[in-house]
Peer 1: 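One structure follows; several queries about it will come next.
Convention: sequence-line order gives letters A, B, ...; per-chain numbering from 1. Atom set for the values below is all heavy atoms of this structure, side chains included, hydrogens, waters and symmetry mates excluded.
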Number of protein chains: 2
Amino acid sequence: MNDKMELTPLTERFVLHFGEMGSRWGVNRTVGQIYALLFIAPEPLNADEIAETLGFSRSNVSMGMKELMSWRLARLLHRPGDRREYFEAPKDIWEIFRTLAEEKRKREIEPTLSMLRDALLEIPQTDNERHAQARMREMHELIEMATVWFDEVQRLSPETLEGLMRLGAKVQKVLGFTDKLRGKD
Amino acid sequence: MNDKMELTPLTERFVLHFGEMGSRWGVNRTVGQIYALLFIAPEPLNADEIAETLGFSRSNVSMGMKELMSWRLARLLHRPGDRREYFEAPKDIWEIFRTLAEEKRKREIEPTLSMLRDALLEIPQTDNERHAQARMREMHELIEMATVWFDEVQRLSPETLEGLMRLGAKVQKVLGFTDKLRGKD
DNA sequence: ATGAAGTTTCAAAAATTTCTGAAACTATAG
DNA sequence: CTATAGTTTCAGAAATTTTTGAAACTTCAT
């Protein structure tokens, strides 16, 4: 009934790799493999096809899809005359890049920023606290600056961004030169 | 004997936060907490002080330090007339930022790049494989470009970088404007 | 309303990761 | 060389995370 999308050695390697890397990227094996599969699939897949292809239980796939959707790395769609839910990965790789950056920021950076903001409001009571707070302030400033900057870069269109990156090498040369003149690095 | 560096509510909150976030950042609670403690400590600490302050076993701290050193987020030093090993976190927050980016790239990006390079050398046997490979090529190109660019940015001195980031807002406005003229986003 | 097709939830099993204490190891002072 | 202060390793215990199957739920066509 379900066309278990066959994995060739080539595609299997890709899928397994994403499964293994998953833990380093903060998702589990199931989620990593599902994403990889959707990424290379020429057509949207339904949950049963995914489960069968990857050899996971149906419920595991359901959990995994929930997680992938929360990362906005998969979207849901329906085919006319078919009640099942189909999934696909966003096609545009720049869009994926942005989405990922946004989500990572929300989950991995924002909570820390807000903890730091709170901590910086307290009145330090001892020398140690004063020192600790000064360090926290440095950290806060760097993160804030980096995220503001990243925001701005992110708002650029892929074309512009691509251009900027290609330009990067040149900018770097000039700046690297002035750095040397000023005796830094 | 060991001056268990007392944690005040302020510093404790910081340390516990890093412990909790650890898992999202790819390290365990112990490692997260140790790093936070070293980061705000006004003086280098020895392993026993760390273990006592945080309430971890001595061996757990030993493992944690090994991991932190492998991330280059802690360095070892000795005090005259004291045989114990002392640890401190790098002070310069820009340096930390770079180190982290380098290590993350080595662990989270390079393996994928090399898998992709291999996969792209294969001759696709079917339509599905041809499609999969095309997707992989897109992914490979994006990652490659992003890392090359990041490399370059990373080579800049903190001062230059800081200046560039502050400049960012202006660049963005100009570019955003041209984008609009060209009808992109 | 009923039932068939599909999806989600959830408690428990399986797997993995983290943490510990004891033993092994290392280096140095005497 | 020996005793001691310190560090690392490692096998098992504890904790956490992942995965599953069965039951509950939802939706829609009849």
Peer 1: So which pairs with a foot in residues 17-27 of chain B pass salt bridge (charged side-chain N to carboxylate O under 4.0 Å, His left out), sequence neighbours left out?
Peer 2: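 Listed once each, the pairs would be none.
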Peer 1: Among residues at least two apart in sequence or on other chains, which ones pass salt bridge (charged side-chain N to carboxylate O under 4.0 Å, His left out) with A/Lys104?
Peer 2: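 Checked A/Lys104 against salt bridge (charged side-chain N to carboxylate O under 4.0 Å, His left out); matches are A/Glu108.
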Peer 1: Under 4.0 Å, heavy atom to any atom of DNA chain D: which of residues 24-41 of chain A qualify?
Peer 2: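 Listed by number, they are A/Asn28, A/Arg29, A/Thr30.
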Peer 1: Go through B/Thr11 and B/Thr8 one step at a time and tell me if the side-chain hydrogen bond (donor to acceptor under 3.5 Å, both in side chains) criterion holds.
Peer 2: CA-CA 5 Å; B/Thr11 50; B/Thr8 66; 3.1 Å; yes
Peer 1: Given a cutoff of under 4.5 Å between side-chain heavy atoms of I, L, V, M, F, W and Y, with clusters grown through shared members, what are the other residues clustered with B/Val148?
Peer 2: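 Its cluster partners, ordered by chain and number, are none at all.
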Peer 1: Which residues pass the side chain to side chain contact (heavy atoms under 4.5 Å, CB included) test with A/Arg137, not counting sequence neighbours?
Peer 2: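 For A/Arg137 the side chain to side chain contact (heavy atoms under 4.5 Å, CB included) partners, ignoring immediate neighbours, are A/Leu120, A/Gln133, A/Glu141.
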Peer 1: List the residues meeting salt bridge (charged side-chain N to carboxylate O under 4.0 Å, His left out) with A/Glu122, not counting sequence neighbours, and say none if there are none.
Peer 2: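 Salt bridge (charged side-chain N to carboxylate O under 4.0 Å, His left out) list for A/Glu122, sorted by chain: B/Arg13.
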Peer 1: Can you tell me the distance, in whole Å, between the CZ atom of A/Phe56 and the P atom of C/dA13?
Peer 2: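 Taking CZ of A/Phe56 and P of C/dA13, I get 22 Å after rounding.
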Peer 1: CZ of B/Arg79 versus P of D/dG6: gap in Å, rounded?
Peer 2: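 From B/Arg79 CZ to D/dG6 P: 14 Å.
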Peer 1: Give me, pair by pair, the N or O atoms of the protein and of nucleotides 26-30 of chain D that are less than 3.5 Å apart, along with how far apart they are.
Peer 2:
from   : atom 1 : to      : atom 2 : distance (Å)
D/dT27 : O2     : A/Arg83 : NH2    : 3.0

Peer 1: Looking at C/dT7, C/dT20, D/dT7, which one has an atom nearest to any side-chain atom of A/Glu85?
Peer 2: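 Taking heavy atoms from C-beta onward, the closest nucleotide is C/dT7.
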Peer 1: Quick one: list whatever passes salt bridge (charged side-chain N to carboxylate O under 4.0 Å, His left out) with B/Glu103, sequence neighbours left out.
Peer 2: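 Residues passing salt bridge (charged side-chain N to carboxylate O under 4.0 Å, His left out) with B/Glu103: B/Arg72, B/Lys106, B/Arg107.
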Peer 1: If a protein heavy atom is under 4.0 Å from the base, mark B; if only from the sugar-phosphate, S; if neither, -; do that for nucleotides 9-16 of chain D going 5' to 3'.
Peer 2: BB------
Peer 1: Taking for each residue the nucleotide of DNA chain C bearing the nearest heavy atom, is the 5' side occupied by A/Met65 or by A/Ser23?
Peer 2: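 With A/Met65 and A/Ser23 compared, the 5'-side residue is A/Met65.
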Peer 1: Rounded to whole angstroms, how far apart are CD1 on B/Ile50 and P on C/dT20?
Peer 2: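 Between P of C/dT20 and CD1 of B/Ile50: 14 Å.
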Peer 1: Rounding to an integer number of Å, can you tell me how far A/Leu76 CG sits from C/dG6 P?
Peer 2: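 That distance rounds to 15 Å.
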Peer 1: Can a salt bridge be assigned to the pair B/Arg105 and B/Glu102 using a cut-off of 4.0 Å between side-chain N and carboxylate O?
Peer 2: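 Judged by the 4.0 Å cut-off on N to carboxylate O distance, B/Arg105 and B/Glu102 do not form a salt bridge.
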Peer 1: If I take atom CG in residue B/Asp48 and atom P in nucleotide D/dT7, what distance separates them, rounded to the nearest angstrom?
Peer 2: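 Value for this atom pair: 6 Å.
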Peer 1: Does anything in residues 30-43 of chain A pair up under side-chain hydrogen bond (donor to acceptor under 3.5 Å, both in side chains), and if so which pairs, sequence neighbours excluded?
Peer 2: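 As it turns out, the side-chain hydrogen bond (donor to acceptor under 3.5 Å, both in side chains) pairs with a partner in residues 30-43 of chain A, which skip direct neighbours, are A/Thr30-A/Asn60, A/Glu43-A/Arg79.
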Peer 1: With a cut-off of less than 4.0 Å, is there a side-chain N or O of B/Arg58 near OP1 or OP2 of D/dT7?
Peer 2: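 Answer yes for this pair, as a side-chain N or O of B/Arg58 is under 4.0 Å from OP1 or OP2.
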Peer 1: Residues two or more places apart in sequence or in another chain: which of them pass side chain to side chain donor-acceptor pair (under 3.5 Å) with A/Asp82?
Peer 2: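 Once residues adjacent in sequence are excluded, the partners of A/Asp82 under the side chain to side chain donor-acceptor pair (under 3.5 Å) criterion are A/Arg84, A/Tyr86.
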Peer 1: Please report, rounded to the nearest Å, how far the C1' atom of C/dT17 is from the CG atom of B/Asn60.
Peer 2: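 Checked: the CG to C1' distance equals 12 Å.
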Peer 1: Rounded to the Å, how far apart are A/Arg84 CZ and C/dA4 C1'?
Peer 2: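 In whole Å, C/dA4 C1' lies 14 Å from A/Arg84 CZ.
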Peer 1: Between P on D/dT7 and CG on B/Leu77, what's the gap in Å once rounded to a whole number?
Peer 2: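 Those two atoms, CG and P, are 12 Å apart.
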Peer 1: Excluding sequence neighbours, so at least two apart, what forms ring-ring contact (aromatic ring centres under 6.0 Å, His included) with B/Phe14?
Peer 2: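 Per chain and number, B/Phe14 pairs via ring-ring contact (aromatic ring centres under 6.0 Å, His included) with B/Phe18.
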